[in-house]
Number of protein chains: 2
Amino acid sequence: MVAKNEHANRSGCPIACALDIFGDHWALLVIRDLAFFDRHEYKDFLHSEESISSNILSDRLKKLEAYSIISSLPHPDSQRRKLYYLTNKGKDLIPVLVSISRWSEQDLGKVVKIPPASRKMLVNNPDALVQETLKQIEQWEKSVGL
Amino acid sequence: MVAKNEHANRSGCPIACALDIFGDHWALLVIRDLAFFDRHEYKDFLHSEESISSNILSDRLKKLEAYSIISSLPHPDSQRRKLYYLTNKGKDLIPVLVSISRWSEQDLGKVVKIPPASRKMLVNNPDALVQETLKQIEQWEKSVGL
DNA sequence: TTGAAATAATTGCATAATGCAATCGTTTCT
DNA sequence: AGAAACGATTGCATTATGCAATTATTTCAA
C-alpha cells in the first residue's frame with residue numbers, strides 16, 4: 001500500500017467507521033465501476049473517466065480486498081489478468097452509491113450527467129435501480145461461473 | 001482554506017462530483033453532527049469523538065459553506081459564536097448518511113456502536129429515521145427563529 | 001473593572017497521501 | 001523471436017493532514 005492510514009477506527013460511529021474504509025476520492029469510484037459499469041479488470045478501472053493513477057488504483061484494490069468489499073478471480077483468458085468483483089459486503093454498498101447519485105442529481109445541477117433512463121429510475125424509484133443493478137451483477141457472475 | 005483541491009469536477013459522474021465535495025475523512029462527520037447530534041457550534045464539532053483538528057475543521061466549515069451545504073447564523077448569546085445549520089442541500093444528504101450507517105450496521109460488525117432505538121429504526125425503516133431527523137431539525141430551526 | 005477563561009480561528013512545522021511519469025518483469029500476441 | 005499488453009512498483013514533487021502553540025477577541029467572574 002502507498003502508506004498506512006492512521007485513522008482506523010476513530011470511534012464506534014457507523015459513519016466514521018465507514019469513512020475510514022471508503023472516505024476518500026477513489027475507493028467508491030472503483031466500486032461504482034464494478035457495480036454500474038461492468039468493469040472488472042485493472043485496466044478498466046485505470047482507463048475510467050477520472051484517470052486514477054496506477055499506484056493509487058493498486059493501493060485501493062488491495063485495501064478493498066483486505067476489507068472484503070471486493071474479491072478477485074483469475075481471468076479465464078490469461079493467468080496474469082484478474083477479474084475483480086463485489087462481495088456481498090460490497091454489493092451492500094450499492095444503496096449508498098445510489099443515494100449519493102440521487103443527491104447529486106437533486107442538488108448539483110447541470111454538471112452532473114446521467115443517462116435519461118437511469119435518471120428516471122434514480123428519481124422515481126431508487127430501490128428499483130438497486131435491484132436492477134444487483135440483477136445485472138448476478139448475470140455477470142453466472143457468465144464467469146461464480 | 002488549508003489548500004486547494006485539484007480534483008474539482010473530474011467528470012460528470014454523480015458519484016465523482018459528490019466525492020469532490022465530501023469525499024474525505026471529515027466533511028460528512030460535520031454534517032452528521034449537524035444532522036443527528038444537535039451540534040451547531042465550532043466547539044461542538046471540535047470536541048466530537050473523532051477529535052478533528054482546529055485547522056481542518058475551519059477548512060471544512062468554509063468549504064461546506066461555499067458549497068451551500070451548510071450556512072450559519074450569529075449566536076443569540078454572543079456576537080463571536082456562530083450557529084451552523086444544514087441548508088436544504090445539506091438536509092438532502094441525510095439519506096446518504098442513513099444509507100452509510102445502514103451499511104456499517106449490516107457489514108461492519110461489532111465495532112459499530114448504535115443506540116438500540118436508532119438501530120432498530122435504521123434496520124426496519126430507514127426512511128422513518130430520515131423523517132424523524134428532519135423533524136428534529138425543524139424543531140431546532142424553530143427554536144432559533146429560522 | 002480587571003484579569004482569567006473561552007472561543008474561533010491561524011501559524012509553523014512534521015508526516016502522510018496523492019499525482020505523475022517512468023520503469024519493471026511477466027505474459028500474451030503476431 | 002520480438003513487440004505489445006498488463007499489472008504493478010519506484011522515485012520524486014506536490015498537496016493534504018495532524019498536531020501543538022499561538023493569536024485576537026469576547027465573555028465571564030471576582
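All heavy atoms count here, side chains included; hydrogens, waters and symmetry mates do not. By convention in this document, chain letters (A, B, ...) are assigned in the order of the sequence lines, proteins followed by strands, and residues within each chain are numbered from 1.
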Student: For a quick test of your reading: what N or O donor-acceptor pairs under 3.5 Å do the side chains of residues 120-127 of chain A make, sequence neighbours left out?
Tutor:
| unit_1 | atom_1 | unit_2 | atom_2 | d |
| --- | --- | --- | --- | --- |
| A/Asn124 | ND2 | A/Lys120 | O | 3.2 |
| A/Asn125 | OD1 | A/Ala128 | N | 3.4 |

Student: Rounded off to whole Å, could you give me the NE2-to-P distance for the B/His25 and D/dT15 pair?
Tutor: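 Answer to the nearest Å: 20 Å.
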Student: Is any side-chain nitrogen or oxygen of B/Ser53 closer than 4.0 Å to OP1 or OP2 of D/dA20?
Tutor: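 No, no such contact exists.
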Student: How many whole angstroms separate atom CG of B/Asn55 from atom P of C/dA14?
Tutor: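 So the two atoms are 15 Å apart, to the nearest Å.
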Student: Taking only the side-chain nitrogens and oxygens of B/Ser58, find out if one of them lies under 4.0 Å from OP1 or OP2 of C/dT10.
Tutor: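 It does, given that an N or O in the side chain of B/Ser58 lies less than 4.0 Å from OP1 or OP2 of C/dT10.
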Student: For DNA chain D, what residues of residues 29-41 of chain A have any heavy atom nearer than 4.0 Å?
Tutor: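 Hits under 4.0 Å, by residue number: A/Glu41.
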Student: Side chain of B/Ser54 only, heavy atoms from C-beta on: which candidate in D/dT17, C/dT18, C/dT10 is closest?
Tutor: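 Selected nucleotide: C/dT10.
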Student: If you apply the rule side chain to side chain contact (heavy atoms under 4.5 Å, CB included), what do you find for B/Leu97 with B/Leu28, and how did you get there?
Tutor: CA-CA 8 Å; B/Leu97 295 178; B/Leu28 285 181; 4.0 Å; yes
Student: Which whole-number value in Å describes the distance from B/Tyr42 OH to C/dA8 P?
Tutor: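 Rounded to whole Å, this separation is 8 Å.
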Student: Whole-Å distance between C/dT18 P and A/Lys63 NZ?
Tutor: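 From A/Lys63 NZ to C/dT18 P: 6 Å.
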Student: Are any of the side-chain heavy atoms of A/Cys13 and B/Lys113 separated by less than 4.5 Å?
Tutor: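 The answer is no, as the side chains (C-beta and beyond) never meet within the 4.5 Å cut-off.
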Student: Over how many whole Å does the gap from A/Ile56 atom CD1 to D/dA13 atom C1' extend?
Tutor: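 Checked: the CD1 to C1' distance equals 14 Å.
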Student: Do nucleotides 23-30 of chain C as a string where each nucleotide becomes B, S or -: B if the base has a protein heavy atom under 4.0 Å, S if just the sugar-phosphate does, - if no protein is that close.
Tutor: --BBSS--
Student: What pairs with B/Gln106 under side-chain contact (heavy atoms from CB on, under 4.5 Å), at least two apart in sequence or on another chain?
Tutor: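 side-chain contact (heavy atoms from CB on, under 4.5 Å) list for B/Gln106, sorted by chain: A/Asp92, B/Arg102.
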Student: Output the rounded distance in Å from CD (B/Glu50) to C1' (D/dC19).
Tutor: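 Value for this atom pair: 17 Å.
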Student: Would you say D/dA4 has OP1 or OP2 under 4.0 Å from some side-chain N or O of A/Lys43?
Tutor: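 No.
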Student: Take atom CG of A/Leu57 and atom C1' of C/dA17, then tell me their distance rounded to the nearest Å.
Tutor: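 My rounded result for the distance is 16 Å.
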Student: Is the shortest distance from a Lys or Arg side-chain nitrogen in A/Glu105 or A/Arg119 to a carboxylate oxygen in the other one below 4.0 Å?
Tutor: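 Yes, this pair counts.
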Student: Are any of A/Lys62's side-chain N or O atoms less than 4.0 Å away from OP1 or OP2 of D/dT9?
Tutor: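 Yes, such a contact exists.
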Student: Between A/Tyr42 and A/Ser58, is the side chain to side chain donor-acceptor pair (under 3.5 Å) condition met? List the steps.
Tutor: CA-CA 8 Å; A/Tyr42 193 94; A/Ser58 177; 4.7 Å; no
Student: Find out whether B/Lys43 and B/Arg81 are in side-chain contact, i.e. whether some heavy atom of one side chain is under 4.5 Å from a heavy atom of the other.
Tutor: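 Yes - at least one pair of side-chain heavy atoms lies under 4.5 Å apart.
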Student: Donor-acceptor pairs under 3.5 Å, side chain of residues 135-144 of chain A to any protein atom, not counting sequence neighbours: which ones?
Tutor:
| unit_1 | atom_1 | unit_2 | atom_2 | d |
| --- | --- | --- | --- | --- |
| A/Trp140 | NE1 | A/His40 | NE2 | 3.3 |
| A/Glu141 | OE2 | A/Lys91 | NZ | 2.8 |
| A/Ser143 | OG | A/Trp140 | O | 2.6 |

Student: Please name all residues satisfying salt bridge (Lys or Arg N to Asp or Glu O under 4.0 Å) with A/Asp33, sequence neighbours left out, ordered by chain then number.
Tutor: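 Salt bridge (Lys or Arg N to Asp or Glu O under 4.0 Å) check on A/Asp33 returns A/Arg39.
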Student: What nucleic acid atoms does A/Tyr84 come within less than 4.0 Å of, heavy atoms only: base, sugar-phosphate, or nothing?
Tutor: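 Here A/Tyr84 touches the backbone only, sparing every base.
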Student: Check the distance between D/dC6's C1' and A/Lys82's NZ and give it to me in whole angstrom.
Tutor: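 Those two atoms, NZ and C1', are 13 Å apart.
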